[in-house]
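Here is the structure we will look at, set down as structure tokens.
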Amino acid sequence: MTDTDKRFNPLAADRKWQQIWEESETFRADSASDKPKRYILEMFPYPSGRIHMGHVRNYTMGDVLARFERMRGHEVLHPMGWDAFGMPAENAAMEKGVHPGRWTRQNIATMRDQLKRLGFAFDWSRELATCEPDYYGHEQALFLDMMEAGLVYRKESAVNWDPVDMTVLANEQVIDGRGWRSGALVEKRNLNQWFLKITDFAEDLLAGLDDLKDWPEKVRTMQENWIGKSQGLTFDFPIDNGEVITVFSTRPDTIYGASFVAVAADHPLALKLAEDNAALTEFAEECRRTGTAAAEIETQEKRGFDTGLKATHPLDPNWELPVYVANFVLMGYGTGAVFGVPAHDQRDLDFARKYDLPVKRVVSDGDETAPEFAGDEAYSGPGSIVNSDFLNGLSIEDAQKAVIDRAETEGWGKGSTVWRLRDWGVSRQRYWGTPIPIIHSPDHGPVPVPRDQLPVTLPEDIDFDTPGNPLERHPTWKHTTCPISGKPALRETDTLDTFADSSWYFLRFASQPNDKPFDKDEIAQWLPVAQYIGGVEHAILHLLYARFWTRALKSIGLLDVDEPFASLFTQGMVTHETYQMGDGSWLSPDEVRKDGSDWAHIESGEAVEVGRVIKMSKSKKNVIDPEPIVDQYGADAVRWFMLSDSPPERDLPWSEAGIEGSWRFVQRVWRIAQMADADVPGEAGADKALLRVLHQTIAGVTEDIGQLGFNKAVAKLYTLAAAIEKAQPSPDRNEAIRSLVLMVGPMTPHLAEEAWALLGGEGLIADAAWPLADMAVAVDDEVTIAVQVKGKLRDTITVAKGLPKQEMEALALASEKVQRSIGGAEVRKVIVVPDRLVNIVV
RNA sequence: GCGGACGUGGCGAAAUGGUAGACGCAGCAGACUUAAAAUCUGCUAUCCAUCACUGGGUGUGCGGGUUCGAGUCCCGCCGUCCGCACCA
């Protein structure tokens, strides 16, 4: 055997085992299996073109879990698919003239190959792409189901309209008031939009968070804030022009501290007044123009426009309050109108000081009770109510109840709950999405497409040369007939927000009958997902929408699942150093070389500044494409690197040295596998030291992987490898080698299969049983204990495990170092922790 | 402003309140080699003392506290990152 034969050749091994897994359908999930089931899911990718390191990390983690659970005797569902609708495909169509479908499917083909090249244990038989009619057709059916259940409605609402691209923009796509692509000033337009009633489930979505113990605290908090429940009082201010202004307040206890009423610039009252008031019109225009960026809000001055109208205080008919239109009141929250209590709200105070309005203290901070409120800092802390008629002396909480009671008794207001969460507007004026299955009939209005006409498919012949919605412009597609009258009618040309596609894909993975979206009983076999892994960027929208769809589908009897994802893990990003030339331009890692301790540009030799380690991004040019790395080092080294060093929730800095280290470990395991010798003489159980390390490793790695502590498992496997290398040949060493190979199986599967075959293992290692730790072997019969004097380490002594306390104490006191440290002082107390330490207090 | 996370060697990081720095990377020294690659061995927080063996001090962002004992628990700061944000 030559030296090169002894090296592990990943290029050959990767291909060989991937083919074997595929041919024997190793990772096909059987819904009818009797084994306990585990559903391991990673967020499916958008087919943007190529796999990036973030995908590799995400899917490696899921893959280790999936393979680990299989080896532990579970029937595992570990599927993969494509979140295939969306804007980038249309952008490609506009820029390169390629059809969105063609572009998307090509990307899928490329990325599927790249994923297969990494040897992930996916059940490819369940692969799906949301852009195919056999997926989105079922989505249309679910949309109609929700519609029948009253969870869908249509309403005119204001949207961000890009006049150049002629399309609606999401809030995130409006940057400084301009469209992110066109750069055109965005207009507000009123359009008829379809909405899903997510607010029907607001209370339940909020309450459900409490049960998601295995979700990151951070994500739960973000969802909680997003749902944004506020309780308070909604009540009316009569206005001297005969109208009323309805306001919402979470602090009805401060009602006697009111000094003005303010409405948003878009409030109906403001709009009406502006009709014959040019100054107000201009003011309102200004309010709309100002951005909502963080910095602007901080510096933004509170400004108002005095309408001259007076509102009557609900508790005192003789008390009149000025009515303003104010720039800090939002139409989108509550009722779009507030009453200002300057003493106890910072914004109101800023406003009152500017317009010289009264500032009256109604909550005492303990010492100060006088009505005059000085200073520029509002008091919003605890206290009791003062200067407030019948509320005086009450706690804030009791006063709130008292005011709500009185309002309800007298009929001018009522206790209410206001949510930050709005209903989900799902209409998009785009081509590359799920067509909304509605026909607009001249006689019957919007009617559902009959079920037997689903799916409503997208037309293929489409024109992207002019901006706007291609479906709207298509010559024939939208023309159809009314299902009721048979008269000519028009199809809905809007498509669904792509977040709808990802709100139920995990159900279709678990069950994919032809005649319906999914089978309830088969879903019950797999759901909820045991472990969901993905980026934290989906903490709110995707995860909230998926939770909502699950509840909506349950409420109409299609499902029997409460929460789709029992446990959620948000992984960190893959990062890399950045390199910058003197002129500020960025360089990619392959354009620079290390020049001593400095870095230089290879082409020009100029000095290069090494910048912060940040998320890989095209603009900073610090991206490492996984494909050439996999070609060079093999799938296993890349996978091993993804799991090493950094804890999975933290960022992982990519480095050339790091991947080489992983490569070395792959080769090292291969060498170790070759050390196994079936004919070695000796009896099993003789090498106690090695067996101890082995069983400690098995116990530790099993626990670590179960908790997604991959970096810790990796460290323990290194230790075991070192112990095997130091051990003498023996049956025990063979056993340790076999176990090492089994334990790297989920992480470096190609290497493990190759080594397993070499060791004469039965079948595939993917199907082999995970090793069991024998704790009796794992425990040491000797322990090294620490000896401290007043908490400071003075010596360590090795004693038999389980040595009685008195003997430990005696041994510790016998230590020369300890005696020297005590120096003859009186021993006042001795703390003894069995098998751990002795602490002598003098 | 609100909420969350984090702060440990040159770097990534370990550490049920009980020997801080396991493991990896980088570095240094050595072995093998004509040489290189590969591989292997040893050292590698810091300061002081010592020819050396070794001994002692300091050390987990800063300041307090609880405890026989604190990286870990409590209080108060400082800093970094992330999310949300004129939410009434």
Side-chain angles (χ1 to χ4, degrees), chain A residues 3-4 6-7 216-222 224-226 228-230 232-233 247-251 254 262 264 290 292-294 296-298 300-302 326-330 332-341 345-348 350-351 418-420 536-537 539-540 573 575 597 613-614 640-641 644-647 649-662 664-665 667-668 671 709 711-722 725 784-797 817 820-821 828-833 835-842:
Chain A
D3 212 39
T4 44
K6 287 185 186 163
R7 300 191 86 189
E217 179 75 33
K218 173 184 172 134
V219 175
R220 289 191 300 181
T221 309
M222 283 166 76
E224 194 180 314
N225 293 341
W226 186 264
K229 182 181 186 176
S230 296
L233 173 69
V247 303
F248 170 74
S249 172
T250 56
R251 294 295 301 275
T254 63
T290 41
T292 49
E296 288 180 67
I297 289 164
E298 299 241 323
Q300 179 78 40
E301 209 182 350
K302 304 285 175 282
N327 66 345
F328 66 93
V329 181
L330 308 174
Y333 185 79
T335 60
V338 300
F339 76 97
V341 184
D345 182 289
Q346 192 58 50
R347 290 160 307 173
D348 296 348
D350 294 346
F351 190 81
V418 162
W419 303 87
R420 208 193 84 107
V536 73
E537 67 272 18
I540 298 176
M573 298 176 297
T575 58
S597 58
V613 178
I614 53 170
W640 185 259
F641 182 86
S644 306
D645 293 354
S646 289
E649 69 279 9
R650 236 181 273 181
D651 289 350
L652 173 68
W654 176 270
S655 73
E656 193 68 23
I659 183 65
E660 277 169 10
S662 296
R664 278 200 293 274
F665 182 74
Q667 294 300 338
R668 191 174 167 198
R671 278 197 308 277
N711 57 321
K712 292 193 247 173
V714 161
K716 292 184 174 98
L717 290 168
Y718 272 112
T719 307
L720 175 60
E725 285 165 339
T784 304
I785 63 166
V787 183
Q788 300 176 334
V789 176
K790 289 199 333 194
K792 284 198 184 294
L793 183 72
R794 291 301 168 199
D795 200 1
T796 56
I797 52 179
K817 289 176 188 170
R820 196 163 58 218
S821 177
R828 287 175 24 220
K829 191 175 174 187
V830 179
I831 312 281
V832 181
V833 183
D835 297 339
R836 279 272 179 193
L837 61 62
V838 179
N839 187 12
I840 296 155
V841 187
V842 292

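Computed over heavy atoms, backbone and side chain alike; hydrogens, waters and symmetry mates excluded. Per chain, numbering begins at 1; letters A, B, ... match sequence-line order. All values derive from a computational prediction rather than experimental measurement.
- Residue contacts for A/V833: at a heavy-atom cut-off of 4.0 Å it reaches a base atom on one of the strands shown.
- The nearest whole Å value for the distance from the CG atom in A/D345 to the C1' atom in B/rC87 is 11 Å.
- Contact check, A/R664 against B/rC23: no side-chain N or O comes under 4.0 Å of OP1 or OP2.
- Side-chain nitrogen and oxygen atoms of A/K792 include none within less than 4.0 Å of the OP1 or OP2 phosphate oxygen of B/rU19.
- If you check B/rG24, B/rC86, B/rG3 against the side chain of A/D645, the one that comes closest is B/rG24.
- Backbone-only engagement by A/P647 is indicated by non-hydrogen atom pairs under 4.0 Å involving sugar-phosphate atoms exclusively.
- A/K716 comes within contact range of no nucleotide atom at all, as no heavy-atom separation falls under 4.0 Å.
- A/R220 comes within 4.0 angstrom of nothing in the nucleic acid, heavy atoms only.
- Across B/rA13, B/rC23, B/rG69, the shortest atom-to-atom separation from the side chain of A/S646 is found for B/rA13.
- Using a 4.0 Å heavy-atom cutoff across all strands shown, A/T796 reaches at least one base atom of the nucleic acid.
- Between the C1' atoms of B/rG9 and B/rG71, the separation comes to 14 Å (whole Å).
- Distances were taken from every side-chain heavy atom of A/Y718 (C-beta onward) to each of B/rG24, B/rG12, B/rG55; the shortest belongs to B/rG24.
- Residue A/T784 is classed as a base contact, given a heavy-atom separation below 4.0 Å to a base.
- Rounded to a whole Å, the NZ atom of A/K790 is 16 Å from the P atom of B/rU67.
- Checking B/rC25, B/rC86, B/rG18 against the side-chain heavy atoms of A/L330 singles out B/rC86 as nearest.
- A/R650 comes within contact range of the sugar-phosphate backbone alone, with a heavy-atom separation under 4.0 Å but no base atom that close.
- One atom, CG of A/N225, and another, P of B/rC87, lie 13 Å apart when rounded to the nearest Å.
- OP1 or OP2 of B/rA14 has at least one side-chain nitrogen or oxygen of A/N711 nearer than 4.0 Å.
- In this structure, B/rG56 shows a glycosidic angle more than 90 degrees from zero, which is the anti conformation.
- Within the 4.0 angstrom heavy-atom criterion, base atoms lie near A/V329.
- The phosphate of B/rC84 (OP1 or OP2) has no side-chain N or O of A/R420 nearer than 4.0 angstrom.
- A residue-by-residue look at A/G791 and A/E660 shows that A/E660 has its nearest nucleotide of RNA chain B further toward the 5' end.
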